[in-house]
Amino acid sequence: MMDQFPFDPLTALSADDFAASQRNGSRDSLMLAAQFRVAGRPDEQVRVRNLSQGGLMAEYTQPIERGAPVEVEVRGVGWVSGRIAWATDGRVGIAFDTPIDPLLARKPVGGGTQTPTFVKPIFTRR
């Protein structure tokens, strides 16, 4: 009976994937560091997990209230103000006060002509 519906972990949607697909607006999955500012607290670095015109999801483990005003410095965009839309399990959702262009965060940061050594892959001989 179980052979009729095999579970394939490569094609199965997680609850997070399903929830994200139900929201309006295209979300761009990525992993980038950003500065995060909450009034009355020192700036912290957070990891942004996805980004859209209207907001982002970041890893943030401190307790924070829904609706709290925050600012995030998104690479290629600059400081963006918004509010906490939700907070759970070490992650927060931030709704921006004004829409941004999320593609700006994907643009290369440097204008140099060479790749720095520290970002080049290390190949070993066998």
Side-chain angles (χ1 to χ4, degrees):
M1 202 55 133
M2 293 296 284
D3 293 339
Q4 290 178 334
F5 302 103
F7 177 75
D8 183 356
L10 297 177
T11 60
L13 283 178
S14 72
D16 289 341
D17 293 335
F18 180 76
S21 71
Q22 299 302 305
R23 289 189 218 108
N24 292 333
S26 171
R27 280 183 164 53
D28 197 6
S29 291
L30 47 82
M31 180 70 87
L32 63 92
Q35 289 297 312
F36 183 71
R37 183 178 292 159
V38 180
R41 299 182 190 178
D43 289 4
E44 292 184 58
Q45 190 171 42
V46 295
R47 276 192 259 181
V48 175
R49 305 287 282 207
N50 67 41
L51 182 66
S52 71
Q53 286 183 329
L56 61 79
M57 179 179 70
E59 294 177 2
Y60 185 69
T61 57
Q62 303 300 316
I64 191 163
E65 291 183 25
R66 188 171 170 216
V70 297
E71 293 179 308
V72 181
E73 185 179 27
V74 179
R75 181 184 84 182
V77 177
W79 284 98
V80 182
S81 61
R83 299 204 174 268
I84 298 294
W86 56 266
T88 184
D89 298 329
R91 293 186 180 181
V92 293
I94 298 170
F96 297 144
D97 293 337
T98 56
I100 65 159
D101 180 356
L103 295 180
L104 293 175
R106 290 268 188 201
K107 290 191 176 179
V109 176
T113 57
Q114 291 184 316
T115 303
T117 304
F118 64 88
V119 272
K120 290 183 179 179
I122 298 170
F123 295 104
T124 58
R125 292 185 180 180
R126 291 187 177 198

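Bear in mind the structure is a predicted one, so any value in this text is a computation, not a measurement.
With rounding to the nearest 0.5 Å, the separation of CE in Met31 from CG in Leu51 is 13.5 Å. In this structure, CZ in Arg83 is found 12.0 Å from CD1 in Ile94, a value given to the nearest 0.5 Å. Here Ile100 contributes atom CD1 and Leu56 contributes atom CG; the two are 7.5 Å apart, rounded to the nearest 0.5 Å. Note: Asp89 CG to Thr61 OG1 = 12.0 Å, rounded to the nearest 0.5 Å.
A donor-acceptor pair under 3.5 Å is absent between the side-chain atoms of Arg66 and the main chain of Trp86, judged by distance alone.
Side-chain contact check for Gln35 versus Trp79: some heavy-atom pair is nearer than 4.5 Å. Side-chain atoms of Val74 and Val48, non-hydrogen and from C-beta on, never get closer than 4.5 Å to each other.
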(request) Evaluate the side chain to side chain contact (heavy atoms under 4.5 Å, CB included) criterion for residues Val70 and Ile64: first the C-alpha distance (whole Å), next the side-chain angles of each, then the deciding distance (0.1 Å), finally the verdict. (result) CA-CA 10 Å; Val70 297; Ile64 191 163; 4.0 Å; yes
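Glu73 and Ala34 make their closest contact through O-CB, 3.3 Å (heavy atoms, listed as atom of the first residue, atom of the second, distance). The two atoms that bring Val77 and Asp101 nearest to each other are CG2-O, 4.0 Å, heavy atoms only. Minimum heavy-atom separation, Val92 to Ala87: CG1-CB, 3.8 Å. Residues Ser52 and Pro102 approach most closely at C-CG, 4.0 Å, considering heavy atoms.
Partners of Phe36 under the ring-ring contact (aromatic ring centres under 6.0 Å, His included) rule, at least two apart in sequence or in another chain, are Tyr60. Under the salt bridge (Lys or Arg N to Asp or Glu O under 4.0 Å) criterion, Asp97 pairs with no residue, sequence neighbours left out.
Listed by first and then second residue, the salt bridge (Lys or Arg N to Asp or Glu O under 4.0 Å) pairs that reach into residues 54-63 are Arg47-Glu59, Arg49-Glu59, sequence neighbours excluded.
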